[in-house]
Structure formats: C-alpha cells, structure tokens
Amino acid sequence: MGIISMPMADENWTTVNEFVLLSFSTLQPELQMLLFALFLTIQLVTLLGNTLIIVVTTADSALHSAMYFFLRNLSVLEIGFNMVIVPKMLETLLAHDTTITFLSCATQMYFFFFFGVSECCLLTTMAYDRYVAICDPLRYPVIMNHRACVHLAAASWLTGLPVATVQATWLFSFSFCHSNKVNHFFCDSPPVLSLVCGDTTLFEVYAIIGTTLFVMIPCLFILSSYARIVAAILRMPSAEGKRKAFSTCSSHLVVVSLFYGSLSLLYFRPKSNNSPESKKVFSLSYTVVTPMLNPIIYSLRNNEVKAALSRTFLRALSFSNNSVHP
C-alpha cells in the first residue's frame, strides 16, 4: 500500500509514499504494552518536570538570572524534542499503527534535527555562561546582560533551522525504492537513508561535516570551557568558594555528559557492534530518558531551584486556600 510500482529505464522501480516504522514490533504484545506504560509515564514526567522549570524560573524573581534564563530555554527544547518522538512511538506500541506518511516522516526528521542542533548550541551557550561566571565574575553582569542572553539564546534556536532544512529537504528529495520499512522507532537519518535508491555519497559527506560542526565542535568548546573552569576553581583559596563554584556547574555538567555520552555511544561505536536494536536502545537514552532527567537533575542538585519550587508551591497553596475561604 505504501509502495507504488513505476517503470523506469526498463526496470521495475518502486516509489515510496509512506513508511513503516518497525519500532519494537519484534517484541511480544505483552512486553509492548509494558513499554507503552513505561514510556507514557516518562513522557508525563518529562512534560510536568520541564513545565515546572519554565513556570518556576519565570515566576520567581530570585531565578531571573542568565543561568536560569538558559535553563528555561533548555526545558522548552526538551518538551519539543519529546513531543516530536514519543507520541508516535506510543501510537505504534498501543494501536500497532506503525505506518507514517512521507510528509509526516519528513516533518518528524526536520524537527528532530532542529531541536537536536539547537540543544547542542544551547548547552554550549550554558557552558560559556558558567565559564564567564567563574573565570570572570567581576565582568559577568556586564558580559551576560539580558540583551546578550537573548541574542545567545536566539542564535542557539536559529542555528537549528538551516541545518534541519537542508538535511530533511535533501534526504527526502531522493527516490526511495524496494522497501519502505524504517528499522527504528522514529524517522532518523541513517535508517531512512538506507532506503534510498541513488548515490548518497555527497549527502553522507555533508552529514559528516554537519556532525563535526554542530556536535563535535560544541562538545570540544564545552570541554575546553570546563577545563578552564576546573583550573579556576582549584586556584580558589576558600574551600567554601570551591564548593559553591562546583555546585553551580555540576547540574549542567551532568546534563551535558548524559546528552553527549548517549550521542557518542550511538554514532561513534564500531559498526560491528552497532546493530539496529542497540541503536534503538541508545536512541532512547537521548530522545526519551535525558529530557526527563534534566529537570530532575536541576531540581535535586540546585538549592536555588529547590527553594524556588517550595516558594511557588506555597504561593499556589495560599492562593488556593484564599479562593476556597475568602
């Protein structure tokens, strides 16, 4: 149904007008229902946790600083990243509707790259913010003023647009044939690329360049920033000063480690160890698990966020009591 036969150059070629996501179709139905319950719970926690971060950092004046401005942007990105991947995955597990139209597949891939590249850039911006805060604290309010923060956040978001546009448009301009089965739970580039009929060498070179520019270089910048941050912290004479400095960076460092660690395990493992099933597992770590963990990490490891959450809940409770008993 998703493949149309077309005679071309005396050969029977086929053109794909929809794809089939193989997802977790090889698992037993009972196990698929268990995964559905697990992923649904993770999605609800992700949406609730990131929404709480957005609300608290917006409503509490004590969190109106550059670090929490970027954290709020990260939470918006995580919600978007989650909504691009998880709803369709839940549909394939519950309703067993594994088909996805050509346009929907292209749209999913577009926003996957958009949110993914934007997150790489935003995590780099957050590392720069921590670098300035610790290595140049006297000039921090001047360097990281509100205008600069808005420009840095906007640049992070906008960088994802051309990358996603070129990647998705170019890949879906190829002819697809022979099979329409995508061996993944979403329309990622490698499994969709494997269905292309023509020569994809130039596209693959572009993909390597794009990965280097928007994944590896930001990662190296973050590592360089933290190397300087650690060196600056170790030079601090006060043990209390060192503790406070480390505490302001630890949450971001854990988030970066989770995000880039899972990406590295997925894209930089030897091909001999990179089976389709293992790719699905590692993809789950940064598309599903990491967006859930980020607000938890920032809440549990950050005293300011915990205090702001308490104040917000107390204000909400007080408002509710006043409404009930005027």
To the nearest 0.5 Å, what is the distance between CG on Leu293 and CD1 on Ile42? 8.5 Å
Any side-chain heavy-atom pair from Val182 and Leu22 closer than 4.5 angstrom? no
Is the SG of Cys120 found under 2.5 Å away from the SG of Cys219? no
Counting C-beta onward and ignoring hydrogens, is there a side-chain heavy-atom pair between Thr169 and Met109 closer than 4.5 Å? no
Is Trp170 close to Leu202 at the side-chain level, that is, under 4.5 Å between some pair of heavy atoms? yes
Step-by-step side chain to side chain contact (heavy atoms under 4.5 Å, CB included) determination, Ile79 to Met83: CA-CA 6 Å; Ile79 290 174; Met83 294 303 293; 4.3 Å; yes
Do Ile143 and Leu138 belong together in a cluster built from hydrophobic side chains that touch within less than 4.5 Å? no
What's the shortest heavy-atom distance between Gln108 and Cys187, and which atoms? OE1-N, 2.8 Å
Determine, using the 4.5 Å side-chain heavy-atom cutoff (strictly less than), whether Leu27 and Leu34 are members of one ILVMFWY cluster. yes
NZ (Lys242) with more than 12 external heavy atoms under 6.0 Å: yes
For Phe176 and Cys197: C-alpha separation, side-chain torsions, deciding distance, then whether side chain to side chain contact (heavy atoms under 4.5 Å, CB included) applies. CA-CA 6 Å; Phe176 296 90; Cys197 309; 5.5 Å; no
For Tyr68 and Glu304, test the side chains for any donor-to-acceptor distance below 3.5 angstrom and give the result as yes or no. yes
Gap between atom CE of Met144 and atom OG of Ser65 - 0.5 Å precision: 10.0 Å
Out of Phe102, Phe203, Tyr110, which residue meets the ring pair (Phe, Tyr, Trp, His ring centres under 6.0 Å) rule with Phe172? Phe102
Tell me whether Phe174 is reachable from Val20 by hopping between hydrophobic residues (I, L, V, M, F, W, Y) whose side-chain heavy atoms are closer than 4.5 Å. no
Could you check whether Ser156 and Ser118, counting side-chain N and O atoms only, form a donor-acceptor pair closer than 3.5 Å? no
Roughly how far, to the nearest 0.5 Å, is NZ of Lys88 from CG of Leu21? 6.5 Å
Nearest heavy-atom approach of Ser23 to Phe185 is OG-CB, 3.5 Å
Within the side chain of Asn50, is there an N or O that forms a donor-acceptor pair under 3.5 Å with the backbone of Leu47? no
Side chain of Thr248, backbone of Ala245: donor and acceptor closer than 3.5 Å? yes
If you compare all heavy atoms of Phe39 against all heavy atoms of Met89, which two are closest, and at what distance to 0.1 Å? CD1-CE, 3.7 Å
Side chain proximity check, Met126 to Met67, heavy atoms < 4.5 angstrom: no
Pair Asp129-Tyr140, side-chain donor/acceptor within less than 3.5 Å: yes
Within the 6.0 Å centroid threshold, strictly below: Phe81 and Phe112: yes
In this structure, which one of Tyr298, Phe246, Tyr226 forms a ring pair (Phe, Tyr, Trp, His ring centres under 6.0 Å) with His252? Tyr226
Rounded to the nearest 0.5 Å, what separates atom CG in Asn180 from atom CD1 in Ile100? 12.0 Å
Taking a hydrophobic cluster as the set of Ile, Leu, Val, Met, Phe, Trp and Tyr residues connected by side-chain heavy atoms closer than 4.5 Å, whether directly or through intermediates, do Leu38 and Leu94 fall within one such cluster? yes
Determine whether Leu40 and Phe36 make a side-chain contact, defined as any pair of heavy atoms from C-beta on separated by less than 4.5 Å. yes
Starting at OG of Ser251, measure out to CZ of Arg130 and round the result to the nearest 0.5 Å. 10.0 Å
Centroid-centroid under 6.0 Å between Phe24 and His184 rings: no
Does the side chain of Leu195 come within less than 4.5 Å of Lys181's, by heavy atoms? no
Is the backbone of Val255 close enough, under 3.5 Å, to the side chain of Asn294 for a donor and an acceptor to pair up by distance? no
Note, Ser262 side chain near Phe282 side chain (heavy atom, < 4.5 Å): no
Taking the side chain as everything from C-beta on, heavy atoms only, tell me whether Met292 gets closer than 4.5 Å to Gln43. no
Check the side chains of Lys279 and Asn183 for a donor-acceptor pair under 3.5 angstrom, ignoring hydrogens and angles. no
Can you tell me if Asp188 uses its side chain to pair, donor with acceptor, with the backbone of Pro190 under 3.5 Å? no
To check you understand the geometry: which heavy-atom pair defines the closest contact between Pro162 and Leu158, and what is its length? CD-O, 3.0 Å
For Gln28, is the CD atom crowded, meaning more than 12 foreign heavy atoms sit under 6.0 Å from it? no
Approximate separation, where rounding is to 0.5 Å, of Arg311 CZ and Leu63 CG: 6.5 Å
For Glu18 versus Thr99, what's the shortest heavy-atom pair and its separation? OE2-CG2, 4.0 Å
Where Ala127 and Ile222 come nearest, the two heavy atoms and their spacing: CB-CG1, 3.9 Å
Do the side chains of Ile208 and Val192 join up, straight or via other hydrophobic residues, at under 4.5 Å, putting them in one cluster? no
